[in-house]
Amino acid sequence: MDEMMSVRVVLQADPEWDAEAADRLAKRLRAELTDLDVELVRPVSGGGAGPAGAKGPDPVTLGALLLVLSASGGVFTTLIGALQDWLTRQSGRHRISVTIDGDTIELERASATQQRELIEAFIKRRTDG
């Protein structure tokens, strides 16, 4: 049986978007991630309520997902590529953070070269040793 890893993916929607638009964005991301070769994709609580007086959930925690996937077979590399592709297809200044065992990478709309170098370094850290 393959070793499994847990990955926390947090979508931070463009700060100019309202909570309803951010929620729709988070649902689209979750739907795309369920199409990948992952064992589980589920929303997770951000660990707290939104700001005092807020009418809805905290938009930062609205897009928090837990993914469980195989630690082998390139599934992690595929996940990072899918997240990067998803970001490039969106309008707005959205960011996605990916955390495994306390190691986090922040993805945003950057040049293809910058993104590739950052992702390659993160993947190397996660797959070596």
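On a predicted model such as this, the values are computed, not experimentally measured, just so you know.
Closest heavy-atom contact between S97 and E106: CB-OE2, 3.4 Å. Minimum interatomic distance between G63 and A26 (heavy atoms only, all atoms of both residues): CA-CB, 3.9 Å. In terms of heavy atoms, T88 sits closest to D85 at OG1-O, 2.7 Å.
Separating the CH2 atom in W86 from the CD1 atom in I96 is a distance of 5.0 Å, to the nearest 0.5 Å. The CD atom of E3 lies 11.0 Å from the CG atom of L69; values are rounded to the nearest 0.5 Å. If you take CZ on R30 and CG on L11, they are separated by 13.5 Å, rounding to the nearest 0.5 Å. For the atom pair T104 OG1 and R8 CZ, the distance stands at 9.5 Å (nearest 0.5 Å). The OG1 atom of T77 sits 8.0 Å away from the CD1 atom of I80 when rounded to the nearest 0.5 Å. In this structure, CG on L25 lies 12.5 Å from CD on E20, to the nearest 0.5 angstrom.
I105 is not listed as a side-chain neighbour of I100, based on a closest heavy-atom distance of 4.5 Å or more. Side-chain contact check for L83 versus L33: some heavy-atom pair is nearer than 4.5 Å. Within the 4.5 Å cutoff, side-chain heavy atoms of R93 are placed close to those of P15.
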From CA spacing to verdict: side chain to side chain contact (heavy atoms under 4.5 Å, CB included), L66, S6
CA-CA 7 Å; L66 174 68; S6 295; 4.0 Å; yes
Apply side chain to side chain contact (heavy atoms under 4.5 Å, CB included) to V10 and V98, showing your working.
CA-CA 7 Å; V10 179; V98 180; over 6 Å; no
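Screening V44, L36, L79 for a side chain to side chain contact (heavy atoms under 4.5 Å, CB included) with L67, the sole residue that qualifies is L79.
For E32 and R28, the salt-bridge test fails: no basic side-chain N is under 4.0 Å from an acidic carboxylate O.
A perpendicular orientation is assigned to the rings of H94 and W17, their planes being inclined by more than 60° (bins at 30° and 60°).
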